[in-house]
Amino acid sequence: MAVIKELIRKEADHGLSFGDYTLDKKTKLDNFEHQGDLYKVKTFKEITKLEKNGMLIYESVPGTVVTNLKATEKGMEFCVEGYEDAQITVELAADTEYLVYVDGVNVGSMKTNLGGKLSVSVELDKDKAIPVKIVEK
């Protein structure tokens with residue numbers, strides 16, 4: 001179990017780690033600066049949400065811990081863990097097709113909606129971080 005006690009932190013390779021699904025009440029941190037952008041994280045056992053400059057980047061129900069999130073113009077990748085399976089929603093380019101890999105397995109091609117949102121279910125284990133990679137097709 002690798003909760004992020006500071007709620008959000010920068011990693012040496014420029015990724016972001018955030019979230020703490022062990023919290024009983026909603027906790028948030030606003031105006032976290034990273035590479036010229038401002039991030040806001042809200043997290044607890046029921047939900048984890050990350051916004052960048054006021055726009056959704058990541059949301060999970062129930063709450064999760066995300067390590068080493070890296071977003072590019074062509075997709076994103078991160079590792080996720082939690083105490084039970086999660087529905088994860090990320091925001092990417094609108095109306096675009098992506099290949100989704102969960103724990104190294106191609107789970108298929110998915111297309112974002114007009115708002116750029118893509119949702120995927122991930123089977124989680126609190127003792128193992130599951131890698132998720134989403135790349136533009």
Quick one: does Thr112's side chain have a donor or acceptor within less than 3.5 Å of a partner on Lys117's backbone?
no

If we ignore hydrogens and angles and just use 3.5 Å, is the side chain of Tyr98 paired with the main-chain N or O of Ala93 as donor and acceptor?
yes

Got a second to check how far Lys74's NZ is from Thr72's OG1, nearest 0.5 Å?
8.5 Å

To the nearest 0.5 Å, tell me how far Leu92 CG sits from Ile57 CD1.
8.5 Å

Would you say CD of Glu73 has more than 12 non-hydrogen atoms from neighbouring residues, nucleotides or ligands within 6.0 angstrom?
no

When every non-hydrogen atom of Pro62 is compared with those of Glu84, the smallest separation belongs to CG-CG, 3.5 Å

Looking at the rings of Tyr58 and Phe18, which for Trp means the six-membered one, are their centres under 6.0 Å apart?
yes

Might you point out which heavy atoms bring Tyr39 and Lys52 nearest each other, and give the distance in Å?
OH-CD, 3.4 Å

Test side chain to side chain donor-acceptor pair (under 3.5 Å) applied to Thr48 and Thr43, step by step
CA-CA 4 Å; Thr48 295; Thr43 187; 2.9 Å; yes

Looking at Leu69 and Met76, what are the two nearest heavy atoms and their distance?
CD1-SD, 4.2 Å

May I ask you to decide whether Lys10 forms a salt bridge with Glu33, counting only side-chain N to carboxylate O separations under 4.0 Å?
yes

Shortest non-hydrogen contact between Asp95 and Lys111, atoms and distance
OD1-CE, 2.8 Å

Evaluate the side-chain proximity of Asp20 to Thr27: yes if any heavy-atom separation is below 4.5 Å, no if none is.
no

Going only through I, L, V, M, F, W and Y residues with side-chain contacts under 4.5 Å, is there a path from Phe78 to Met110?
yes

If you count heavy atoms of other groups shown closer than 6.0 angstrom to NZ of Lys28, is the number above 12?
no

Distance-minimising heavy-atom pair for Gln87 and Ser119
NE2-CB, 3.2 Å

Can you list the steps and then say if Val100 with Leu118 is a side chain to side chain contact (heavy atoms under 4.5 Å, CB included)?
CA-CA 10 Å; Val100 179; Leu118 183 143; 4.3 Å; yes

Rounded to the nearest 0.5 Å, what separates atom CD1 in Ile88 from atom CG in Leu124?
6.0 Å

Can you check whether His14's main-chain N or O pairs, donor with acceptor, with His34's side chain at less than 3.5 Å?
yes

